[in-house]
Enquirer: 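Here's a structure for you.
Predicted model, so just to flag it, every value in this text is computed and none were measured. Convention: sequence-line order gives letters A, B, ...; per-chain numbering from 1.
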Amino acid sequence: MPSFKAVQGTRDILPDLAPAWQVVETVVRETCERYGYQRIETPIFEETGVYARSVGAGTDIVEKEMYTFKDRGDTSLTLEPEGTAGVVRAYLEHGMFTQPQPVKLYYVRAPIFRYERPQKGRYREHHQFGCEALGESDPALDAELIALLWEIYQRLGARDIVIQLNSIGDQNCRPAYIQRLVDYYTPLKDDLCDDCKVRLVKNPLRLLDCKEPQDQPKIAAAPKSADYLCAACAAHFAAVRGYLDALALPYAINPLLVRGLDYYTRTVFELAPEQAGRRQSAIGGGGRYDGLAELLGGKPTPGIGFGSGMERAIELLREQGVPLPDPARPQVFIAALGAEAKTAAVTLAQQLRATDLRVQMAFGERSLKAQMRAANGSGARWAVLIGSGELANAAYAVRDLAAPADAPDDAKQQTIARDVLVAWLREHT
RNA sequence: GUGACCGUAGCUCAGUAGGCAGAGCACCAGAUUGUGGCUCUGGAUGUCGCGGGUUCGAGCCCCGUCGGUCACCCCA
């Protein structure tokens with residue numbers, strides 16, 4: 001009886017699923033690099049201020065979801081609750097603003113920690129891949145980034161993915177819009193659901209996100225951010241849409257799309273499967289964050305990025321029946337009888353592996369029957385049998401484990417001279 | 001943080017009215033000398049999530065707790 005279990009909301013990735021992870025990682029790497037993004041890896045924890053200052057003090061993430069602790073030097077540290085802040089911190093710290101702009105960075109398989117009640121598609125540790133492009137405000141960069149995220153899912157084989165798009169303005173026009181939203185909602189206050197009464201004070205943008213039926217008519221009639229953009233933001237939004245149209249990407253404007261992190265400006269977007277109860281269904285989201293670098297002590301630096309959940313991505317592929325690779329099987333399995341034969345097996349295995357074959361051998365002192373069972377179960381195509389006779393003749397028995405069960409024995413098995421065995425197996429796998 | 005359902009072997013689960021802890025799969029071994037798949041035979045494996053209570057007796061009833069699943073909140 002084991003004494004420990006994986007802690008709540010964390011999961012082991014066992015060998016049966018590891019190849020699926022490998023596929024996602026490979027597609028992300030190759031696609032990002034084709035778009036000119038370079039890999040970056042940041043630590044999985046930062047000083048708490050990195051997240052508290054950027055994500056926003058009033059957000060759920062900072063208020064109640066961060067894994068924050070003091071280290072032995074009494075420094076407050078926080079396990080990464082989202083991917084962007086650490087990358088921006090690294091950009092500033094390493095003076096990447098001196099490089100040609102934009103600086104385009106991606107990360108794969110970054111562990112993300114949030115203290116939430118686990119449920120389908122939501123874990124206390126999950127992993128994200130993501131991209132960040134810093135130092136450029138051109139709307140073409142927004143479109144390229146969205147196209148990149150879209151292409152990753154296309155290459156993975158996901159179907160029926162839609163992009164939702166909105167603009168929430170910037171430091172110039174958003175405060176006025178939020179005031180307008182508050183003015184609209186304040187007379188309706190007594191009629192709002194309890195959550196929305198809190199939102200009205202704490203985070204008015206989220207009023208638009210309410211799912212309570214009683215509030216839907218109010219949402220429908222509420223002022224929408226895209227209608228109150230300043231001239232610069234409106235032009236930016238129009239340009240992003242124009243590029244997305246030119247790329248023929250399947251996006252839809254969702255005037256109710258607001259995101260949970262305070263640092264977003266202008267463009268915000270989410271990717272989700274088309275029909276999906278819309279619960280924990282978003283597989284990626286992001287937006288522009290032109291004020292974030294300043295919050296972290298840098299010069300004003302525009303930026304845009306996204307994060308995408310790998311557990312959700314893999315689950316989506318499974319649900320959609322996208323074939324994912326099985327764990328790698330050995331190609332050759334070596335069985336040996338006796339101490340001398342085992343030495344021959346060990347050395348043969350190494351010779352075969354040196355030619356890039358996947359090779360397993362039987363361990364322990366088990367009967368040949370048991371070793372053959374293991375060979376069969378391993379999925380290997382060929383079994384090599386080594387016993388006293390084979391040693392004496394310097395020729396090993398090679399058995400075709402893929403032959404039909406009713407094939408005659410001499411069709412399944414042959415004897416190959418030890419000198420040519422490596423080349424023979426190389427030839428026949 | 002809120003709510004619902006669920007915790008029995010490695011996995012999927014059964015367990016009658018409260019009366020000796022079970023099946024299938026998987027694993028291990030055997031079915032005449034050194035040969036897999038199909039079949040047959042045998043074997044090992046459990047704090048019945050944990051703690052308390054009721055009872056002559058609890059996997060089963062009661063309370064608590066921890067965990068899982070799902071939904072809300074929020075998010076990837």
Enquirer: Under 4.0 Å between a Lys/Arg side-chain N and an Asp/Glu carboxylate O for A:K412 and A:D406?
Expert: no
Enquirer: Which residue lies toward the 5' end of RNA chain B, A:A402 or A:T59, if each is placed at its nearest nucleotide?
Expert: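 The answer here is A:A402.
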Enquirer: When the distance from NZ of A:K369 to C1' of B:rC28 is rounded to whole Å, what number comes out?
Expert: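 After rounding, the reported distance stands at 14 Å.
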Enquirer: Describe the nucleic acid contact of A:A405 in one word from base, sugar-phosphate, nothing, applying a heavy-atom distance below 4.0 Å.
Expert: base
Enquirer: Need the pair for B:rG34. Rule: Watson-Crick or G-U wobble, both distances under 3.5 Å, any strand; none if unpaired.
Expert: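 Across any shown strand, B:rG34 pairs with none.
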Enquirer: What does A:Q413 touch in the nucleic acid at a heavy-atom separation under 4.0 angstrom: a base, only the sugar-phosphate, or nothing?
Expert: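 Base contact - A:Q413 has a heavy atom under 4.0 Å of at least one base atom.
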Enquirer: Quick one: does A:R312 reach the base of B:rC75 with a side-chain donor-acceptor pair under 3.5 Å?
Expert: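 Yes.
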Enquirer: Are there more than 12 heavy atoms of other residues, nucleotides or ligands under 6.0 Å from atom CZ of A:R318?
Expert: no
Enquirer: With a 3.5 Å cut-off and heavy atoms only, can you find an N or O donor on one side and an acceptor on the other between the side chain of A:R399 and the base of B:rG36?
Expert: yes
Enquirer: Hey, is CD on A:E340 packed in by over 12 heavy atoms from elsewhere, all under 6.0 Å?
Expert: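 Incorrect, the count does not exceed 12.
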Enquirer: Looking at B:rG30, I'd like to know if its phosphate oxygens (OP1 or OP2) sit under 4.0 Å from a side-chain N or O belonging to A:S367.
Expert: yes
Enquirer: Which base sits across from B:rA29 as a Watson-Crick or G-U pair, both distances under 3.5 Å?
Expert: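 Base-paired to B:rU41.
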Enquirer: Reckon A:A380 touches a base, only the sugar-phosphate, or nothing at all at heavy-atom distances under 4.0 Å?
Expert: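 The residue A:A380 makes no contact with any strand.
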Enquirer: Is there a side-chain polar atom (N or O) of A:R114 under 4.0 Å from OP1 or OP2 of B:rC74?
Expert: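 Checking A:R114 against B:rC74: no side-chain N or O falls below 4.0 Å of OP1 or OP2.
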Enquirer: Say you pick atom C1' in B:rU8 and the same atom in B:rG59; how far apart are they, in whole Å?
Expert: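 Between the two C1' atoms, the distance is 7 Å.
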Enquirer: Test your reading of the model: is there a side-chain donor-acceptor pair from A:K224 to the backbone of A:A222, 3.5 Å cut-off?
Expert: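 Confirmed, A:K224 side chain pairs with A:A222 backbone.
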Enquirer: From B:rG36, B:rC28, B:rC73, pick the nucleotide closest to the side chain of A:R199?
Expert: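 Ranking B:rG36, B:rC28, B:rC73 by closest atom to the A:R199 side chain puts B:rC73 first.
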Enquirer: Reckon A:E390 touches a base, only the sugar-phosphate, or nothing at all at heavy-atom distances under 4.0 Å?
Expert: base
Enquirer: Check the distance between B:rG37's C1' and A:F333's CZ and give it to me in whole angstrom.
Expert: 15 Å
Enquirer: A:T267 and side-chain hydrogen bond (donor to acceptor under 3.5 Å, both in side chains): which partner among A:D142, A:N166, A:D290?
Expert: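 Answer after filtering A:D142, A:N166, A:D290: A:D142.
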Enquirer: Suppose you measure atom C1' in B:rC6 against the same atom in B:rC40; what distance do you get, rounded to whole Å?
Expert: 39 Å
Enquirer: Check the distance between B:rC74's P and A:E116's CD and give it to me in whole angstrom.
Expert: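 Spelled out: CD on A:E116 to P on B:rC74 is 11 Å.
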Enquirer: Atom pairs, N/O to N/O, protein against nucleotides 65-69 of chain B, distance under 3.5 Å?
Expert:
residue, atom, partner, partner atom, Å
B:rG67, OP1, A:Q8, OE1, 3.4
B:rG67, O2', A:K5, NZ, 3.3
B:rG68, OP1, A:G9, N, 3.4
B:rG68, OP2, A:Q8, NE2, 3.1

Enquirer: For the pair made of CG in A:D60 and C1' in B:rC74, what is the distance, rounded to whole Å?
Expert: 5 Å
Enquirer: By the 4.0 Å heavy-atom rule, please label A:A370 as base, sugar-phosphate, or nothing.
Expert: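 If one applies the 4.0 Å heavy-atom cut-off, A:A370 turns out to touch the sugar-phosphate alone, with no base involved.
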Enquirer: In whole angstrom, give me the gap between the C1' atoms of B:rA21 and B:rU2.
Expert: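 The answer is 38 Å between these two C1' atoms.
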Enquirer: For the C1' atoms, the ones on B:rC72 and on B:rA26, what distance do you get once it is rounded to whole angstrom?
Expert: 39 Å
Enquirer: For B:rA58, give the paired nucleotide (Watson-Crick: N1-N3 plus N6-O4 or O6-N4; G-U: N1-O2 and O6-N3; both under 3.5 Å), or none.
Expert: none
Enquirer: Would you indicate what A:N203 reaches in the nucleic acid, counting non-hydrogen atoms under 4.0 angstrom: base, sugar-phosphate, or nothing?
Expert: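 The residue A:N203 makes no contact with any strand.
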Enquirer: Between A:Q371 and A:A336 (side chain of the first, backbone of the second, donor and acceptor by atom type, cut-off under 3.5 Å), is there such a pair?
Expert: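 Between the backbone of A:A336 and the side chain of A:Q371 there is a qualifying donor-acceptor contact (under 3.5 Å).
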Enquirer: Could you tell me how far apart A:L368 (CG) and B:rU33 (C1') are, to the nearest whole angstrom?
Expert: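 Answer to the nearest Å: 12 Å.
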Enquirer: So for atom CZ, which belongs to A:R358, do other residues, nucleotides or ligands contribute more than 12 heavy atoms lying within a distance under 6.0 Å?
Expert: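 Result for CZ/A:R358: enclosed.
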Enquirer: If B:rU65 has a Watson-Crick or G-U wobble mate with both distances under 3.5 Å, name it; if not, just say none.
Expert: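 In the structure as shown, B:rU65 has B:rG49 as its Watson-Crick or wobble partner.
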Enquirer: Considering every strand and a 4.0 Å limit on heavy-atom distances, what is the contact class for A:G389: base, sugar-phosphate, or nothing?
Expert: base
Enquirer: Which nucleotide, in any strand shown, forms a Watson-Crick or G-U wobble pair with B:rC72, with both distances under 3.5 Å?
Expert: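 Result: B:rG1.
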Enquirer: Take atom P in B:rG34 and the same atom in B:rC38, then report the distance between them in whole Å.
Expert: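 It comes out at 24 Å once rounded to the nearest Å.
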Enquirer: Give a yes/no verdict on a cation-pi contact between A:R241 and A:F237, requiring under 6.0 Å between NZ or CZ and the six-membered ring centre and an angle within 45° of the axis.
Expert: yes
Enquirer: Among A:R11, A:H126, A:Q128, A:H127, which residue satisfies the side-chain hydrogen bond (donor to acceptor under 3.5 Å, both in side chains) criterion with A:E311?
Expert: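 Only match with A:E311 under side-chain hydrogen bond (donor to acceptor under 3.5 Å, both in side chains): A:H127.
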Enquirer: Say you pick atom C1' in B:rG22 and the same atom in B:rG15; how far apart are they, in whole Å?
Expert: 7 Å
Enquirer: Using the P atom on both, measure B:rA58 against B:rG19 and round to a whole Å.
Expert: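 It comes out at 11 Å once rounded to the nearest Å.
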Enquirer: Take atom CG of A:L261 and atom C1' of B:rA76, then tell me their distance rounded to the nearest Å.
Expert: 11 Å
Enquirer: When rounded to the nearest Å, what value does the distance between P atoms of B:rA14 and B:rG52 take?
Expert: 28 Å
Enquirer: State whether A:K120 and A:E315 are salt-bridged, where the test is any N-O pair (Lys NZ or Arg NE/NH1/NH2 against Asp/Glu carboxylate O) under 4.0 Å.
Expert: yes
Enquirer: For B:rU12, give the paired nucleotide (Watson-Crick: N1-N3 plus N6-O4 or O6-N4; G-U: N1-O2 and O6-N3; both under 3.5 Å), or none.
Expert: B:rA23
Enquirer: Write down the distance between OH (A:Y51) and P (B:rC75), rounded to a whole number of angstrom.
Expert: 18 Å
Enquirer: Output the single nucleotide from B:rC28, B:rC75, B:rA76 whose closest atom is nearest the side chain of A:R366.
Expert: B:rC28
Enquirer: Provide, to the nearest angstrom, the distance between the CG atom belonging to A:L401 and the P atom belonging to B:rC38.
Expert: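 Taking atom P of B:rC38 as the reference, CG of A:L401 is at 13 Å.
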Enquirer: If the cut-off is 4.0 Å, is A:R122 near the phosphate of B:rC72, judged by side-chain N/O to OP1 or OP2?
Expert: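 Answer is no, no contact under 4.0 Å.
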